[in-house]
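Input: a single structure, listed below in structure tokens.
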Amino acid sequence: MTAEITTAQELQKMDPVFGQLSFDNHEQIVFCHDKDTGLKAIIGIHNTVLGPALGGTRMWKYNNEWEALNDVLRLSRGMTYKSAISGLNLGGGKAVIIGDAKTDKNPELMRKFGEFVNSLSGKYITAEDVGMVTADMDTVRDVTPYVTGISEARGGSGNPSPVTAYGVYMGMKAAAKYQFGSDNLAGKKVLVQGIGHVGETLVSHLCNEGALVQIVDLSEQRLEEVSKKYGASIFTGEDLYSADVDIYAPCALGATINDDTVYRIKAKVIAGAANNQLANENVHGPILQERGIVYAPDFLINAGGIINVYGEIANYGKEEAMRRTENIYNTTLEIFDYAVKNNLTTQKAAMAIAENRIEQRRKENAK
């Protein structure tokens, strides 16, 4: 048997980690592997200036390991900004497990992953993300205290999805007020892409307010269930990005606003739950701004989930979590005003405010 070996010189040219834009000064990246359980995971710790890096674990069947690495780098970076803009004393981290959550996930694999989390001694705290449920966090809790989003029966805050959805709803209403002059969504045409736990709850809020909701998802079964339950319409057009709607809500995976889609979008507001919606924030943010499309920064309006699980650390309950999440409405409007005054995109404005908070804390820590 023969194997191709990449030379050190070739590897240096590739810059597989430090040379990637998504690396962005990460503090630590941990590659986790266990032969017995088949675990292949990556933990990304972006920044811990404000506190321990908290972020969910995503299980996904990536096409290759580079795709998984790039995803965890982008996600963990986003968590840094999410916690900072939300006023939480947390840093940014994230984890991905390579595999199909429906067929590859089992308690042994989750416990082994928990052991890797535990080995970091609290520098990274995990939580629920795509491909995970509250029961998985309970399993991780069996081997490490560094996990949030565990079941209420075990003293946790439970499933964070409803709170995440409420924050997205608040951010969407703020964006509507800024763009249309009113935050009343009754009669507004809203396209929700991705109707998982968060997307479904968002659909519920929108339909209750009287919005005209269309839904898109890979699962025909989910489409039928959600459509029947809330009265939302199933999108049947050929191109969802050029759909004649007022608001586009990406609630699936990221990078849906990219070179291929950014000029086709007809919606006047983009506000959704997905992380890293802009494939390239330096390119696609300015294009949206030039086209007069109001973009509600994803890491701001989808912060309800981390606000909810942070309650397990800061010892506040569901009522306080909902109050803080509702305030996303005010923060969104403040960021829109800051963007105009400083001639920035809304994405860059939110990042600037977050970075200022981190830098202030860094100076305080250095004293």
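- Classification of Glu200 and Arg222 as a salt-bridged pair holds, one side-chain N sitting under 4.0 Å from a carboxylate O.
- The neighbour count for Glu67 CD, taken as heavy atoms of other residues, nucleotides or ligands under 6.0 Å away, is above 12.
- With 3.5 Å as the limit, one finds no donor-acceptor pair spanning the side chains of Thr345 and Gln289.
- The environment of Glu364 atom CD is dense: over 12 non-hydrogen atoms of other residues, nucleotides or ligands sit within 6.0 angstrom.
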Decide yes or no on side-chain contact (heavy atoms from CB on, under 4.5 Å) for Leu109 and Ile97, but give the supporting numbers first. CA-CA 10 Å; Leu109 182 138; Ile97 297 175; 4.2 Å; yes
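- Cluster partners of Ile358, using a side-chain heavy-atom cutoff of under 4.5 Å among ILVMFWY residues and allowing indirect links, are Val49, Leu50.
- No side-chain heavy atom of Thr80 sits less than 4.5 Å from a side-chain heavy atom of Phe299.
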For side-chain hydrogen bond (donor to acceptor under 3.5 Å, both in side chains), just list the numbers for Glu312 and Ser157, CA-CA rounded to whole Å, side-chain angles, deciding distance to a tenth of an Å, and then say yes or no. CA-CA 7 Å; Glu312 296 179 29; Ser157 56; 2.6 Å; yes
side-chain contact (heavy atoms from CB on, under 4.5 Å) between Met79 and His46: does it pass, once the steps are laid out? CA-CA 8 Å; Met79 293 305 298; His46 179 252; over 6 Å; no
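- For the 3.5 Å distance criterion, the side chains of Arg361 and Asn89 qualify, holding a donor opposite an acceptor.
- Between His205 and Tyr166, the ring planes are tilted. Angles from 30° to 60° get that label.
- Taking a 6.0 Å sphere around NZ of Lys40, one finds it holds 12 or fewer heavy atoms contributed by other residues, nucleotides or ligands.
- Counting heavy atoms of neighbouring residues, nucleotides and ligands inside a 6.0 Å radius, atom CG of Asn64 exceeds 12 of them.
- Residues Arg58 and Leu253 have side chains in contact (heavy-atom distance under 4.5 Å, counting atoms from C-beta outward).
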With salt bridge (charged side-chain N to carboxylate O under 4.0 Å, His left out) as the criterion, how do Arg362 and Glu359 come out once you've worked through the C-alpha distance, each side chain's angles and the decisive distance to 0.1 Å? CA-CA 5 Å; Arg362 193 192 310 275; Glu359 185 57 30; 3.2 Å; yes
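- There is no side-chain donor-acceptor pair under 3.5 Å between Asp217 and Ser219.
- A salt bridge links Asp129 to Lys94: one of the charged nitrogens lies within less than 4.0 Å of a carboxylate oxygen.
- Phe31 CZ: more than 12 foreign heavy atoms inside a 6.0 Å radius.
- The pair Arg111-Glu115 fails the salt-bridge criterion, with no side-chain N (NZ, NE, NH1 or NH2) lying under 4.0 Å from an Asp/Glu carboxylate O.
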Is there a side-chain contact (heavy atoms from CB on, under 4.5 Å) between Val96 and Trp60? Walk through the geometry before answering. CA-CA 7 Å; Val96 298; Trp60 192 257; over 6 Å; no
Give the C-alpha distance, both sets of side-chain angles, the deciding distance and a yes or no for side-chain contact (heavy atoms from CB on, under 4.5 Å) between Leu223 and Glu220. CA-CA 5 Å; Leu223 286 171; Glu220 293 292 337; 4.0 Å; yes
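- Looking at every heavy atom in both residues, Lys105 comes nearest to Val133 through NZ-N, 4.4 Å.
- Within a 6.0 Å radius of NZ in Lys318, other residues, nucleotides and ligands contribute more than 12 heavy atoms.
- Side chains of Tyr310 and Ser86: a donor-acceptor N/O pair is absent below 3.5 angstrom, by distance only.
- In this structure, a donor-acceptor pair under 3.5 Å is absent between the side chains of Tyr124 and Gln28.
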